[in-house]
**Q** 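Got a structure for you, written out below as structure tokens; questions coming shortly.
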There are 2 protein chains.
Amino acid sequence: MKDVARLAGVSTATISRALVSPDKVRAETRARVMAAIDRIGYTPNALARNLRQMRTSTVILLVREIVNPFYLEIFRGVESAARQRGYNVLMSNVERSPERELEYFDLVRQRRADGIVLATGTLPDAGAGGSSDLPPLVVVSEYLPRDDLPTVRIDNVAAAAGAVEYLVGLGHARIAHIAGPLPEVLSRDRLAGYRAALERAGIETDESLVVRGDYSTHAGYRAGAALLNRRRRPTAIFAANDEMAMGAIKAAREAGLAVPRELSVVGFDDIKMASAWDPALTTVAQPCADMGARAMNWLADLLAGEASANGEVVLDTRLVVRDSTAPIQRSAS
Amino acid sequence: MKDVARLAGVSTATISRALVSPDKVRAETRARVMAAIDRIGYTPNALARNLRQMRTSTVILLVREIVNPFYLEIFRGVESAARQRGYNVLMSNVERSPERELEYFDLVRQRRADGIVLATGTLPDAGAGGSSDLPPLVVVSEYLPRDDLPTVRIDNVAAAAGAVEYLVGLGHARIAHIAGPLPEVLSRDRLAGYRAALERAGIETDESLVVRGDYSTHAGYRAGAALLNRRRRPTAIFAANDEMAMGAIKAAREAGLAVPRELSVVGFDDIKMASAWDPALTTVAQPCADMGARAMNWLADLLAGEASANGEVVLDTRLVVRDSTAPIQRSAS
DNA sequence: TTGTATGCGTTATCAC
DNA sequence: GTGATAACGCATACAA
């Protein structure tokens, strides 16, 4: 920087101004400065800038498990917005280890990151007290059971209900549900939506038609096999995510049932594989990238002191009808 | 820090020493310092430390496209090693935009990151000149056609040949190949391995059995459909990745062909979905996480001045035999 | 073993 | 509109 200043015949303060707030520098001076910068091949040192401004221009995206393709789409939205706002994204998967989560929260205290986009559905114990000792954060997708944190999410209850209502509209009445782990709020919401839709349709709920899984294809396979072994088997299955829906379809095929002719299956998430599956999966699409982008933009606003640190944004979902669902067959009912 | 110094009755230099090189501080003093740190709840400011040491303790992982689940496993390896070495990982997908790649290379010049783990198979033009103006980097998986860069990869030629030899061993002779985009060195290597194995087996190569795709399930589906429409269709297909293999299986099923009875299919990568697919996919497993970890460790050594900036590590692959391959049927040959 | 003093490269404040 | 200067918080060379 000093070299540039000497070459341009100005002080280092002017170099800084020319770069940070060009309007505060006379055009002619600015041109001279820029020419000198080009000539020398100068790049401002972010380390020094960061120290001076006490900010890192880096945020952390914390996800429950990176292998879940669903988070990838969220990441894309976060990264895209971050780039536009001049932030970098530290990606981190917690793999359901609370210590790991706490470790990443600590990065903000160490001034290695400015804030967190949280998609884990949990808070480390240390931060559970008041929101006062929490770092700047925005919750996305997997929301928390407290309403004092800025949150971007979908209405899981309504989305699940919509999927089930679609099945009801196709004539199905024996509709099973493969739920996710019920400690998780998302799983509970989707189960609640399933129940609400059946109730609204005047269909008596049969608790034996609700099976729990862990969001893996294997769990979906086992759950599907169990459901299809029943004396009166369901004619449709609503799974709490796509992977379990895929597993259920695999189980159906092994049981000799044609999907969708003899069994309709609906998933949730619309991951990339959903359209490639055989048959292509009917599923609830979430605006993942949009959720990620909004969360990141909110966080950037928060860090700039331009936004409120609580509230909620609820985005719309969309039922994508593909080839895994069909009107009920008389013979199968 | 000043508060801690006052409370412990020492200078700030001693605080720093107690943290950075504890052996240079008398045990008793160290204990007093640590107690004061605990009492005050002091955390060193990484911003200041970074500036002083001219390092960020952050590395960039550049991947071609984040949606490819294959990179996720690499990321896990990189992140795990990075954590152990005290680094954070900036994850970035380039989405085949050279400007984006250059932009991330620039982050090192701006001192926002110390080095790069490169999994894109390309270098930005600016760095194409000599390795002198390249940031510290280690190439992983998608290697470059120059041997002066530290590289961690598998032997794609041998791995592909092994897969084809397995099919030959099952009695197949009409073996097709769905290749990836041939500008990419990985695609070319796998094609070369396919050819080499056929030649070694004394099977005449039939160029009409080689079809190109773009690594997507859809491309695999189209390629599979095209191959199975031939007068003399293949009895086995070796696809350059799992997703194309999955698409080919879908095409086979639609053509009324049973996999593996009437058509054997082998993939490459062993992504998570491979074992969940119906039928579970026979495929070449890469040690992704290990590749990522080795690349990261090498980079860390490089940054510490403890390793050579060129060379090559070639890791072993493993053929995972599942349900998509079977001995050839006489009737189908 | 510990303290003192300096500098890392910026940017913000205050003069001019 | 521009320059001089201090300060951000830490780590290190040197002195004691």
Side-chain angles (χ1 to χ4, degrees), chain A residues 1-37 40-58 86 88 106-114 303-305, chain B residues 1-37 40-58 86 88 106-114 303-305:
Chain A
M1 190 173 193
K2 277 191 181 161
D3 302 337
V4 178
R6 205 173 310 125
L7 180 58
V10 295
S11 73
T12 58
T14 300
I15 308 290
S16 177
R17 273 190 290 256
L19 290 169
V20 174
S21 35
D23 48 314
K24 295 194 171 179
V25 173
R26 186 150 41 102
E28 190 228 338
T29 316
R30 198 166 59 226
R32 228 170 50 238
V33 167
M34 292 309 177
I37 286 176
I40 305 244
Y42 163 78
T43 306
N45 185 316
L47 256 29
R49 171 176 294 176
N50 287 348
L51 172 60
R52 183 62 235 239
Q53 309 195 136
M54 278 307 193
R55 40 174 289 168
T56 62
S57 295
T58 297
N88 289 119
D106 253 356
L107 291 186
V108 179
R109 288 193 40 239
Q110 298 166 17
R111 308 304 306 117
R112 295 175 68 92
D114 297 336
L303 292 171
Chain B
M1 191 174 193
K2 277 188 181 164
D3 301 338
V4 179
R6 204 172 311 124
L7 180 59
V10 297
S11 74
T12 58
T14 301
I15 308 290
S16 178
R17 274 189 290 256
L19 291 169
V20 174
S21 35
D23 47 315
K24 296 194 171 181
V25 173
R26 186 150 39 103
E28 190 229 337
T29 316
R30 198 167 58 226
R32 226 168 51 239
V33 168
M34 292 311 178
I37 286 177
I40 304 245
Y42 163 78
T43 305
N45 185 317
L47 256 29
R49 173 174 291 178
N50 288 348
L51 173 61
R52 182 58 231 247
Q53 309 194 140
M54 277 306 191
R55 41 175 285 169
T56 62
S57 295
T58 298
N88 289 118
D106 254 356
L107 291 186
V108 179
R109 288 193 41 238
Q110 299 165 16
R111 309 302 309 118
R112 293 176 69 92
D114 297 335
L303 292 170

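Sequence lines set the chain letters: A, B, ... in the order given, protein chains first and strands last, and positions in each chain run from 1. A quick note: this is a predicted structure, and the numbers were derived from the prediction, not measured.
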**Q** Could you tell me how far apart A:K24 (NZ) and C:dT11 (C1') are, to the nearest whole angstrom?
**A**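 Whole-Å distance recorded here is 11 Å.
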
**Q** How many whole angstroms separate atom CE of B:M1 from atom C1' of C:dA5?
**A**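 Going from B:M1 (CE) to C:dA5 (C1'), I get 14 Å.
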
**Q** Any base atoms under 4.0 Å from A:T14, or only sugar-phosphate, or nothing? Heavy atoms, all strands.
**A**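 Sugar-phosphate contact only.
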
**Q** Looking at A:T58, is its backbone amide N or carbonyl O close enough to the side chain of A:T56 to form a donor-acceptor pair, meaning the two atoms are under 3.5 Å apart?
**A**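 Yes, the answer is positive, given that a donor and an acceptor are paired below the 3.5 Å cut-off.
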
**Q** When the distance from CG of A:L19 to C1' of C:dG9 is rounded to whole Å, what number comes out?
**A**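 Distance, rounded to whole Å: 13 Å.
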
**Q** Between which nucleotides of DNA chain D, 5' to 3', does chain B make heavy-atom contacts below 4.0 Å?
**A**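 Contact span on the strand: D:dG9 to D:dA13.
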
**Q** Of B:S21 and B:L51, whose nearest nucleotide on DNA chain D comes first from the 5' end?
**A**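 Nearest-nucleotide comparison on DNA chain D picks B:L51.
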
**Q** With nearest nucleotide decided by heavy atoms, which residue, A:R52 or B:T29, maps closer to the 5′ end of DNA chain C?
**A**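 Residue closer to the 5' terminus by nearest nucleotide: B:T29.
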
**Q** Do any N or O atoms from the side chain of A:R32 and from the backbone of A:M34 form a donor-acceptor pair under 3.5 angstrom?
**A**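 It does not hold such a pair.
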
**Q** Tell me whether B:R55 contacts the main-chain N or O of B:D114 through its side chain, where contact means a donor paired with an acceptor under 3.5 Å.
**A**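 Between the backbone of B:D114 and the side chain of B:R55 there is no qualifying donor-acceptor contact (under 3.5 Å).
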
**Q** Would you say the base of C:dG9 and the side-chain of B:R111 have a donor-acceptor pair closer than 3.5 Å?
**A**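 It does not, because no donor-acceptor pair links the side chain of B:R111 to the base of C:dG9 below 3.5 Å.
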
**Q** Is the backbone of B:A18 close enough, under 3.5 Å, to the side chain of B:R30 for a donor and an acceptor to pair up by distance?
**A**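 A pair under 3.5 Å: no.
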
**Q** Please report, rounded to the nearest Å, how far the P atom of C:dT2 is from the CG atom of B:D23.
**A**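 For the pair B:D23 CG and C:dT2 P, the rounded distance is 12 Å.
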
**Q** Which pair of non-hydrogen atoms, one from B:R112 and one from A:G86, has the smallest distance, and what is that distance?
**A**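 Between these two residues, the closest heavy atoms are NH2-O, 4.1 Å.
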
**Q** In whole angstrom, give the distance that lies between atom CZ of B:R32 and atom P of C:dT1.
**A**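 About 14 Å, once rounded to whole Å.
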
**Q** A:N50 has an atom CG; how far is it from atom P of C:dC8, in whole Å?
**A**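 It works out to 18 Å between those atoms.
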
**Q** Can you name the nearest heavy-atom pair linking A:A5 to A:S11, along with the distance?
**A**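 Closest approach of A:A5 to A:S11, heavy atoms only: CB-C, 4.0 Å.
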
**Q** Quick one: A:M54 CE to C:dA12 C1', roughly how many Å, whole number?
**A**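 After rounding, the reported distance stands at 14 Å.
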
**Q** Can you measure from CD1 (A:I37) to CD1 (A:I15) and round to the nearest 0.5 angstrom?
**A**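 Atom-to-atom, A:I37:CD1 and A:I15:CD1 are 5.5 Å apart.
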
**Q** Among the candidates C:dT1, C:dT10, C:dT11, find the nucleotide nearest to the side-chain atoms of A:S16.
**A**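 Closest nucleotide to the A:S16 side chain: C:dT11.
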
**Q** Given atom CZ of B:R55 and atom C1' of C:dG9, what is their separation to the nearest angstrom?
**A**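 Rounded to the whole Å, the gap is 18 Å.
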
